[in-house]
Participant: 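Following this message is one structure expressed as structure tokens.
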Amino acid sequence: MRLSRRGLILGGSAMLAGCASASARAPLTTAQTAAPIAMPQVGLPTVQTSALTPPPLDPRGHVRKDLMERAMTALDTHHHRLPLRDRMYLVDFQKFSGEERLYEVDLIAGEVKVLRTCHGRGSDPSHTGYAQRFSNTPDSNMSSIGAYATAGANWGAQQGPNVLLDGLEYTNDKARERAIIIHGADYADPDFLAREGKLGRSYGCFSVAHTDLPALRERMGEGRLLFAAA
């Protein structure tokens, strides 16, 4: 599945400050100068990031309301680590691994794109396709929940191209130590899903299909929110 395959218009966008321009004026007559005229203020449009509100929810219920609300709270709570507020990424670990559960939410245009991602084998020891437990402990092989900051594109000797993540909460602040990243994996590819009926399991990373990684890696960049929850 391609990242851009399922864009959903949610409507709504960030509020923009008003902008006005002054027009040329003819010389004032004596009568006109008697009453002062208030001139409109001139300024460039600015995005009021402190007043961002989530776009309306997908009418088909793809994004859980509480997940969106918690992510928006995290965006404000960790604003000093998340300077880019144009879009954010959500992972719904309540969903089956074969479902699309990684969301790119465009907070300006009100669009949502969805794709699949894996959870850790320690989170699903019986390989049911559902993440059942989470941990921040090294070598647990579990997924970690909470707010992350994307830390830019990287290249690793084992996983190749990837996106680094910094955990921002006690539930995931060992992400760098545990090498929790976003990378492509054969067990996240569509042919694996077609054959097995569910995705494979990672060692805690947010693994995605190889075909989805390039666009995701470019768009995530550095300083955006990824919020994972169950």
Side-chain angles (χ1 to χ4, degrees), residues 1-21 42-95 99-117 145-153 161-166 168 181-184 188 190 206-229:
M1 186 202 72
R2 298 189 302 271
L3 179 62
S4 61
R5 195 170 180 178
R6 297 188 48 199
L8 299 175
I9 303 299
L10 302 186
S13 60
M15 295 188 298
L16 299 179
C19 176
S21 60
V42 178
L44 296 176
T46 57
V47 177
Q48 301 295 329
T49 56
S50 60
L52 279 177
T53 56
L57 295 178
D58 181 342
R60 288 183 288 179
H62 281 233
V63 182
R64 286 191 285 127
K65 181 180 179 181
D66 67 304
L67 177 57
M68 178 73 81
E69 291 175 345
R70 290 169 64 188
M72 292 301 296
T73 298
L75 194 63
D76 287 332
T77 300
H78 304 289
H79 63 89
H80 57 294
R81 297 290 304 275
L82 302 167
L84 301 182
R85 298 167 64 97
D86 54 345
R87 53 184 174 269
M88 64 181 179
Y89 297 84
L90 313 178
V91 177
D92 187 352
F93 277 135
Q94 284 191 8
K95 285 193 167 187
E99 295 183 77
E100 295 164 323
R101 56 181 182 175
L102 169 56
Y103 307 89
E104 179 185 279
V105 180
D106 188 323
L107 294 169
I108 306 302
E111 297 178 349
V112 173
K113 298 176 183 178
V114 289
L115 64 154
R116 295 180 178 88
T117 188
I145 56 177
Y148 296 81
T150 61
N162 60 73
V163 180
L164 296 175
L165 296 171
D166 286 323
L168 304 179
I181 57 176
I182 299 170
H183 65 85
F206 298 92
S207 306
V208 299
H210 287 292
T211 54
D212 289 331
L213 181 63
L216 187 63
R217 187 168 177 253
E218 179 181 356
R219 290 179 62 77
M220 277 189 152
E222 184 174 357
R224 291 186 173 92
L225 172 70
L226 184 147
F227 187 82

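Residues take their numbers from the sequence shown, with the count starting at 1. These numbers come from a predicted model, not from an experiment.
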Participant: Residues in side chain to side chain donor-acceptor pair (under 3.5 Å) with H78, at least two apart?
Facilitator: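 For H78, the residues satisfying side chain to side chain donor-acceptor pair (under 3.5 Å) (neighbours in sequence not counted) are E169.
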
Participant: Counting N and O atoms only, with roles assigned by atom type, does the side chain of R116 sit under 3.5 Å from a partner on the main chain of A188, one being a donor and the other an acceptor?
Facilitator: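 Checked: no pair found.
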
Participant: Just jot down the salt bridge (Lys or Arg N to Asp or Glu O under 4.0 Å) partners of R217, sequence neighbours excluded, or say none.
Facilitator: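 None.
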
Participant: Taking all heavy atoms of L115 and all of L216, pick out the closest pair and write down the distance.
Facilitator: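 Smallest heavy-atom distance, with atoms named: CD1-CD2, 4.3 Å.
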
Participant: Step by step, work out the side-chain contact (heavy atoms from CB on, under 4.5 Å) result for V105 and L107.
Facilitator: CA-CA 6 Å; V105 180; L107 294 169; 4.1 Å; yes

Participant: Salt-bridged, D106 to K113, with N to O below 4.0 Å?
Facilitator: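 No.
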
Participant: Would a distance-only check, ignoring hydrogens and angles, find a side-chain to backbone donor-acceptor pair under 3.5 Å from S207 to G184?
Facilitator: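 The answer is no, because no donor-acceptor pair under 3.5 Å joins these two groups.
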
Participant: Mind checking whether F206 and F93 have parallel, tilted or perpendicular rings, split at 30° and 60°?
Facilitator: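 Because their plane-to-plane angle is under 30°, the rings of F206 and F93 count as parallel.
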
Participant: Measure the CZ-OH distance between F227 and Y148 for me, rounded to the nearest 0.5 Å.
Facilitator: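 With rounding to 0.5 Å, CZ (F227) is 10.5 Å from OH (Y148).
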
Participant: I'd like to know if D86 pairs up with R219 as an ion pair, taking the criterion as any Lys NZ or Arg NE/NH1/NH2 lying under 4.0 Å from an Asp or Glu carboxylate oxygen.
Facilitator: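 No, D86 and R219 are not salt-bridged.
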
Participant: Applying side-chain contact (heavy atoms from CB on, under 4.5 Å), run through L168 and L82 and close with a yes or a no.
Facilitator: CA-CA 10 Å; L168 304 179; L82 302 167; 4.3 Å; yes

Participant: Under the criterion side-chain contact (heavy atoms from CB on, under 4.5 Å), I'd like the reasoning laid out for M88 against M72: C-alpha separation, chi angles, the key distance, then a yes or no.
Facilitator: CA-CA 9 Å; M88 64 181 179; M72 292 301 296; 3.6 Å; yes

Participant: How many angstroms lie between CD in Q94 and CG in D66, if you round to the nearest 0.5 Å?
Facilitator: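 Going from the CD atom of Q94 to the CG atom of D66 covers 7.0 Å.
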
Participant: Looking only at heavy atoms, which two atoms of A147 and L225 are closest? And how far apart?
Facilitator: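 Nearest heavy atoms, A147 then L225: CB-CD1, 3.8 Å.
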
Participant: Taking all heavy atoms of A229 and all of R64, pick out the closest pair and write down the distance.
Facilitator: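 Smallest interatomic distance, heavy atoms only, reads O-NH2, 4.0 Å.
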
Participant: Using the side chain to side chain contact (heavy atoms under 4.5 Å, CB included) definition, which of the options L90, D92, V208, V114 pairs with L102?
Facilitator: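 It is V208; the other options fail the test.
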
Participant: Salt bridge (Lys or Arg N to Asp or Glu O under 4.0 Å) with D166: which residues, sequence neighbours excluded?
Facilitator: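 Checked D166 against salt bridge (Lys or Arg N to Asp or Glu O under 4.0 Å); matches are R81, R176.
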
Participant: How close do M220 and R224 get, counting heavy atoms only, and between which atoms?
Facilitator: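 Smallest interatomic distance, heavy atoms only, reads O-NH1, 3.1 Å.
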
Participant: Take T150 and L84, measure what side-chain contact (heavy atoms from CB on, under 4.5 Å) needs, and give me the verdict at the end.
Facilitator: CA-CA 10 Å; T150 61; L84 301 182; over 6 Å; no

